[in-house]
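Here is the structure we will look at, set down as structure tokens.
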There are 2 protein chains.
Amino acid sequence: MISHKIVPNVSVDCVIFGFDFEKLNVLLVDRELKDEKTGKVLINDHTLTGYHIYEDEDLDAAAYRILKELTGLDNLFLEQFAAFGQIDRVSSEKDQLWLKHINKEFADRIITVGYLALIDNTRVTLKLSGKNVQWYPVNEVKDMEMAFDHKHIVYKALEALQKKVKVEPIAFELLPDYFTLSQLQKLYEALLGASFDKRNFRKKISQMHYVIPLKKKQKGVPHKPAQYYLFSREVYEKTKKNRISFIV
Amino acid sequence: MISHKIVPNVSVDCVIFGFDFEKLNVLLVDRELKDEKTGKVLINDHTLTGYHIYEDEDLDAAAYRILKELTGLDNLFLEQFAAFGQIDRVSSEKDQLWLKHINKEFADRIITVGYLALIDNTRVTLKLSGKNVQWYPVNEVKDMEMAFDHKHIVYKALEALQKKVKVEPIAFELLPDYFTLSQLQKLYEALLGASFDKRNFRKKISQMHYVIPLKKKQKGVPHKPAQYYLFSREVYEKTKKNRISFIV
DNA sequence: GATAGATAGTGTATAAGTTACACTTAATTT
DNA sequence: AAATTAAGTGTAACTTATACACTATCTATC
């Protein structure tokens with residue numbers, strides 16, 4: 001049983017990425033505050049999903065807890081990517097106003113640990129209904145208003161994801177269990193903001209023996225149905241080589 | 001001016017790596033505690049160099065402060081690599097004893113942010129004299145007794161370093177301004193625990209136009225003197241390509 | 001039921017990069 | 001003068017990356 005006594009100076013924030021077969025999205029909370037008397041909108045922006053950690057709770061566990069509360073899902077890819085501790089993290093007028101609203105008279109110094117979560121977009125869409133949480137295209141984040149240093153955290157998460165995706169097969173976490181090669185290619189293109197030659201991409205994938213073709217095919221699509229593939233982490237772990245690419 | 005009021009639940013720990021042209025080393029503090037009456041050695045192990053952050057101090061600034069205090073050096077490579085927040089970070093008898101010794105009646109929950117520092121070994125050796133801080137070969141860490149979760153933190157730092165070194169030219173931070181290609185090769189071999197073919201290694205380096213030969217040569221060595229080279233970050237930044245190695 | 005529209009799926013030639021491998025050179029020490 | 005030590009150099013075989021265009025198979029529409 002977890003005590004609900006929080007560690008005052010530490011929080012975790014989850015940057016949850018999803019892919020809808022078209023573009024990369026990020027899950028954000030809509031933050032709104034209206035003046036009680038006039039009804040005037042004082043704050044209308046977005047935050048990441050985060051919270052304090054409990055006294056008797058590991059950092060990772062706190063991130064898992066938040067993720068579970070939000071999506072109802074377990075066993076998601078979740079990994080720490082950075083800690084954020086600038087002194088001016090909570091400095092804007094809106095943020096100060098918000099803290100007052102939630103009964104924090106003044107802001108403690110809070111260091112937050114950023115977690116990166118990857119999820120097949122289509123798995124959570126239903127669970128979100130009714131909550132003030134939505135998918136937003138990553139590309140639009142730059143034009144959105146965000147609380148605290150959360151925009152910065154999203155950028156850093158994206159950077160970390162792009163780096164990691166080039167070196168480890170974690171992109172598959174953003175796809176359902178079965179996927180087509182075109183979906184996989186679109187995913188990499190969305191992740192890296194690049195575009196690849198179809199034949200060369202497929203040649204490359206076919207060398208990865210842990211991307212395994214299934215007997216299943218698409219159904220009901222108005223074109224030649226694509227074959228489904230599966231990512232096998234087991235095969236990956238068995239066959240992975242420790243390439244040293246930058247040097248020799 | 002920095003207040004000396006600390007943030008109670010947060011610290012930074014620096015894992016400082018150095019290279020002595022032979023092997024990779026890490027800078028550790030010798031921790032010793034003797035029984036006041038009997039003189040019996042109660043604790044004799046090693047810790048990382050770390051400390052709490054101050055209320056009005058950025059995380060990075062705290063790490064820089066610690067590094068400066070310890071080595072007297074500025075402008076070192078320093079980068080966050082992970083945060084550590086396991087609940088049982090401070091659980092051993094020795095650690096409890098130590099906390100009592102330094103007048104902490106009980107251990108607060110402390111989340112520490114790990115920083116990775118790289119330094120040319122030879123630059124600091126002198127500055128250390130008299131302090132209870134020493135270079136230890138990284139390979140020997142596994143057999144050493146270490147405080148708290150510091151051994152784990154060293155391992156994670158090394159992992160992060162090995163990953164990063166394959167993708168970015170940060171290894172040069174471990175060498176003096178001028179270095180020979182053999183030194184560079186030894187460094188990569190020490191970092192990655194691998195060994196490379198001399199000719200192929202040099203061919204690779206010669207393609208990196210940011211590793212620039214100087215007119216200087218070694219002197220007083222009992223063999224053919226080697227040419228000195230220089231790493232130019234400027235040239236690197238200008239010419240770097242965004243390779244996508246894992247996928248296409 | 002024929003046709004249009006949409007995406008899936010496939011091969012080859014050239015260029016670039018990686019690998020494996022052994023001897024000569026230039027300094028100091030004996 | 002000879003021995004010792006590490007520096008410095010080229011090539012051929014193999015592997016990987018790149019550029020590029022058409023056919024196949026399904027649904028929807030007329």
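So that the names make sense, note that chain A is the first sequence line, chain B the second, and so on, each numbered from 1. A quick note: this is a predicted structure, and the numbers were derived from the prediction, not measured.
With rounding to whole Å, Lys217(A) atom NZ is found 13 Å from dT7(C) atom C1'. Atom CD1 in Ile205(A) sits roughly 13 Å away from atom P in dG9(C) (whole-Å rounding). Taking atom CG of residue Asp197(A) and atom P of nucleotide dT10(C), one finds them 14 Å apart after rounding to whole Å. When the P atom of dT16(D) is taken as reference, atom CZ of Phe201(A) falls 18 Å away, rounded to whole Å. Atom NZ in Lys204(B) sits about 16 Å away from atom C1' in dA20(C), given to the nearest Å. Protein atom CZ of Phe196(A) is 19 Å distant from nucleotide atom P of dT16(D), rounded to whole Å. Arg202(A) places its CZ atom 18 Å from the C1' atom of dA17(D), with the value rounded to the nearest Å. Nucleotide dT10(C) holds its C1' atom 14 Å from the CD atom of Gln185(A), rounded to whole Å.
Along DNA chain D, the nucleotide nearest to Lys219(A) and the one nearest to Gln207(A) differ in position, and the one closer to the 5' end is contacted by Gln207(A).
Residues passing the salt bridge (Lys or Arg N to Asp or Glu O under 4.0 Å) test with Arg199(A): none are found, sequence neighbours excluded.
Judged as a side chain to side chain donor-acceptor pair (under 3.5 Å), the pairs with a partner in residues 153-163 of chain B (not counting sequence neighbours) are, in order, Glu168(A)-Lys163(B). Legend: salt bridge (charged side-chain N to carboxylate O under 4.0 Å, His left out) pairs involving residues 135-145 of chain B, not counting sequence neighbours, sorted by first then second residue: Lys94(B)-Glu145(B). Listed by first and then second residue, the salt bridge (charged side-chain N to carboxylate O under 4.0 Å, His left out) pairs involving residues 216-228 of chain A amount to none (not counting sequence neighbours).
A donor-acceptor contact closer than 3.5 angstrom is absent between the side chains of Tyr64(B) and Asp58(B). Under the 3.5 Å distance criterion, with hydrogens and angles disregarded, no donor-acceptor pair is assigned to the side chains of Trp135(B) and Asp20(B).
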Set out, line by line, the N/O atom pairs under 3.5 Å between protein and nucleotides 11-15 of chain D.
residue	atom	partner	partner atom	Å
dT11(D)	O4	Lys203(B)	NZ	3.0

Enumerate all atom pairs, one protein N or O and one N or O from nucleotides 23-26 of chain C, separated by less than 3.5 Å.
residue	atom	partner	partner atom	Å
dA26(C)	N3	Lys224(B)	N	3.0

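Considering only heavy atoms from C-beta on, Phe81(B) stays 4.5 Å or farther from Leu161(B) through its side chain. In this structure, the side chains of Ile153(B) and Thr112(B) come closer than 4.5 Å at one or more pairs of heavy atoms.
Contact check, Arg199(B) against dA20(C): no side-chain N or O comes under 4.0 Å of OP1 or OP2. For the OP1/OP2 pair of dA8(C) and a distance below 4.0 Å, the side-chain nitrogens and oxygens of Ser182(A) include at least one atom meeting the criterion.
Ring centroids of Phe179(B) and Phe172(B) are separated by less than 6.0 Å, placing the two rings close together.
Here Gln218(A) lies out of heavy-atom contact (under 4.0 Å) with every strand.
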